[in-house]
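Input: a single structure, listed below in structure tokens.
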Amino acid sequence: MKVERNKWQNNFSEWYNELIETAGIQDKRYPVKGMNIWLPYGLRIMRNIEKFIHEEMERTGHQEVLFPALIPETEFQKEAEHIAGFEGEVFWVTHAGHDPLDVRLILRPTSETAMYSMFALWIRSHADLPFKIYQIVNVYRYETKHTRPLIRVREISRFFEAHTAHDSFEDAERQIKEDLEIFDNLAKKLALPYIVSKRPEWDKFPGAYYSLGAEVVMPDGRTLQIGTMHNYKQNFAKAYNIMYEKEDGTHEYVHQTTYGMSERLLAAVIAVHGDDRGMVLPPTIAPIQVVIVPIPKKDSPYDVFAYAREIAEELKTAGIRVHADERDIRPGRKFYDWELKGVPLRIEVGPRDVEGQKAVLARRDTLEKFTVERAELVEKVRETLDAIMENLYARAKEFLDSHIKRVDTLEEAKEVFEDRRGVVEIPWCGEESCGLEMEEILDAKMLGIPYPEEEAKIEGKKCAHCGKDAKFIARFARTY
RNA sequence: GGGGCCGUGGGGUAGCUUGGUCUAUCCUGCCGGCUUUGGGAGCCGGCGACCCGAGUUCAAAUCUCGGCGGCCCCA
């Protein structure tokens, strides 16, 4: 048994689309384009990811809230850049029954404009700051490009957004640092290596002072943004009149930040860790961490099903998410089935194992099989799950590192995009015009410059486009 | 904005050019039974479809028109 990743890498789109349905993540047949149905198995994985998000939010003192999905046109229009950025893709609610509405409503594409008039009511004094809330809700964007389950959808059904308010730019900056730390903790739980870039001016979040984006490299070499952090400075505060009273009695606008993630996290997990047999789920989020497959044998005196149940009970008591598969189909089919669904560890128990009080463990990530003593089972299972976690991260890190290439010229950059793709890092003078032209020439997007910015600064290199002294390393990639 | 292709059971398809045993093919799936089980077994029985509407015709999955939906290419 060998891990194959041919289709995974060479025909990723097809691999991904098939898997989303066959592995029971989503049903794409819902009759509205870009709106898919979460199936039980997929939802369970997503909930497990969200469990870590909730934990991190609690750890860092964010409070969970839920805002309405509808926003009055009048609120939506308060921040100029924000409207300009979103008005082309919002869904409108224009009627109630047969009558047109006096004030039309939009289905939130994100919740800034829903939240900030309330912030103005809630935040009174410096003692209320920092103010940190978050929610996980569905948001709507009328995507005109090709939609893709979990990646580009018209209803993002698990949209995470944290919104904070602070008494100073410095404290907002501290919040961004905290966001990055939260993201790093979460990424570790998902065994996902990633890069963070500071977005160029022309690709900031509408209304932001600056934006950061975290992305992974997908099997086909395109990047997927899976997290964003924005410092709004006082842009929204001024538009929504969010002020607080300082200790000296004067009033000042708050500084704000936001932090966003979505079901793209699941897309990244599926894509990054998968192989030609299907998904490979990190044990941390796998709904079933261990599946037990009994191998019956006619005329055998041993009850392999009872043995499987005993083992399942033992593992369950040890806190492991386990399932004994007693379906009346052949074991081989069960193997394929659970491999497709990405269960990290399989235990096979046949008459031989019952007799010798043993079990066969089969790792999903490496497809290795080995026999362990029943007495050591719990310990070995724990060890193996940890080893799988580590291996998944290491394998993904290697893939990421080998898909980031630093070059000096546009010709070299072009070659990379023609070959294995990924992220290309090029010296850049920092001028917007140069950046946009390079995007054009490379047929790729500028992700931005490496963050923290100290890592992006370079000396002694020339801008790959205009030839002037380069100030930064700029990252380019084909993106999702 | 311009051009092209396509809608047949849950999924994938044959049939359409030349309308007629199409009472719609095959694979897969699903349900029931027997049998089997260390990597997708086999046999028997069953379920399930022509995107919608109008037209032409003795007769439409097949031809015509309109609608709806999907995909691709170019700008």
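Since the structure is predicted, the reported quantities are computational estimates derived from the model, not experimental observations. The figures that follow rest on heavy atoms only: side chains count, while hydrogens, waters and symmetry mates do not. Just so it is clear: chains get the letters A, B, ... in the order the sequence lines come, proteins before strands, and each one is counted from 1.
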Practice problem: Using a heavy-atom cut-off of under 4.0 Å over every strand shown, decide if Lys28(A) touches base, sugar-phosphate, or nothing. | Solution: nothing

Quiz item: Roughly how far apart are Gln225(A) CD and Tyr480(A) OH, rounded to 0.5 Å?
Solution: 15.0 Å

Exercise. Using a 4.0 Å heavy-atom cut-off across all strands, classify Arg327(A) as base, sugar-phosphate, or nothing.
Key: nothing

Quiz prompt | Lys341(A) NZ/CZ over Tyr41(A) ring centroid, <6.0 Å and within 45° of normal | solution = yes

Quiz item: Do any side-chain nitrogens or oxygens of Arg330(A) fall under 4.0 Å of OP1 or OP2 in rG42(B)?
Solution: no

Quiz item: Is there a residue in residues 349-358 of chain A whose heavy atoms reach under 4.0 Å of RNA chain B, and which residues are they?
Solution: Gly350(A), Pro351(A), Arg352(A), Asp353(A)

Quiz item: Within a reach of under 6.0 Å around NZ of Lys468(A), are more than 12 heavy atoms found that belong to other residues, nucleotides or ligands?
Solution: no

Practice problem: Run the salt-bridge test on Asp401(A) and Lys397(A) with the 4.0 Å N-O cut-off and return the result as yes or no. | Solution: yes

Quiz item: Can Glu79(A) and Tyr116(A) be counted as having a side-chain donor-acceptor contact under 3.5 angstrom?
Solution: no

Exercise. Test the Arg104(A)-Trp92(A) pair against the cation-pi criterion, namely NZ or CZ under 6.0 angstrom from the six-membered ring centroid and within 45° of the ring axis.
Key: yes

Quiz item: On the ring face of Tyr210(A), is Arg199(A) found with NZ or CZ under 6.0 Å from the centre and within 45° of the axis?
Solution: no

Quiz item: Want to settle it: does Arg333(A) or Ala362(A) sit nearer the 5' end of RNA chain B, counting the closest nucleotide to each?
Solution: Arg333(A)

Quiz item: Between Lys369(A) and rG39(B), is there a side-chain N or O to OP1/OP2 distance below 4.0 Å?
Solution: no

Quiz item: If you look at every strand shown and take non-hydrogen atoms under 4.0 Å, does Val360(A) touch a base, only sugar-phosphate, or nothing?
Solution: base

Quiz item: Just checking Lys334(A): base, sugar-phosphate only, or nothing, at a heavy-atom cut-off of under 4.0 Å?
Solution: nothing

Quiz item: Taking C-beta and beyond as the side chain, do Phe399(A) and Val272(A) meet within less than 4.5 Å on heavy atoms?
Solution: no

Practice problem: Verify the contact: side-chain N or O of His146(A) to OP1 or OP2 of rC72(B), cut-off strictly under 4.0 Å; return yes or no. | Solution: yes

Self-check item: Separation of the C1' atoms in rG7(B) and rC34(B), to the nearest angstrom
Solution: 41 Å

Quiz item: Got a donor-acceptor contact below 3.5 angstrom from the Arg421(A) side chain to the Asp220(A) backbone?
Solution: yes

Practice problem: Between rG32(B) and rC22(B), how far apart are the P atoms? Round to whole Å, please. | Solution: 32 Å

Quiz prompt | All stems with RNA chain B, defined as three or more consecutive Watson-Crick or G-U pairs under 3.5 Å | solution = B:1-7 with B:68-74, B:10-12 with B:26-28, B:29-34 with B:42-47, B:51-55 with B:63-67

Quiz item: Looking for any heavy atom pair under 4.0 Å, which part of the strands does Glu339(A) touch: base, sugar-phosphate only, or nothing?
Solution: base

Practice problem: Hey, which sits more toward the 5' end of RNA chain B by its nearest nucleotide, Arg346(A) or Glu21(A)? | Solution: Glu21(A)

Exercise. Using the C1' atom on both, measure rG67(B) against rC31(B) and round to a whole Å.
Key: 38 Å

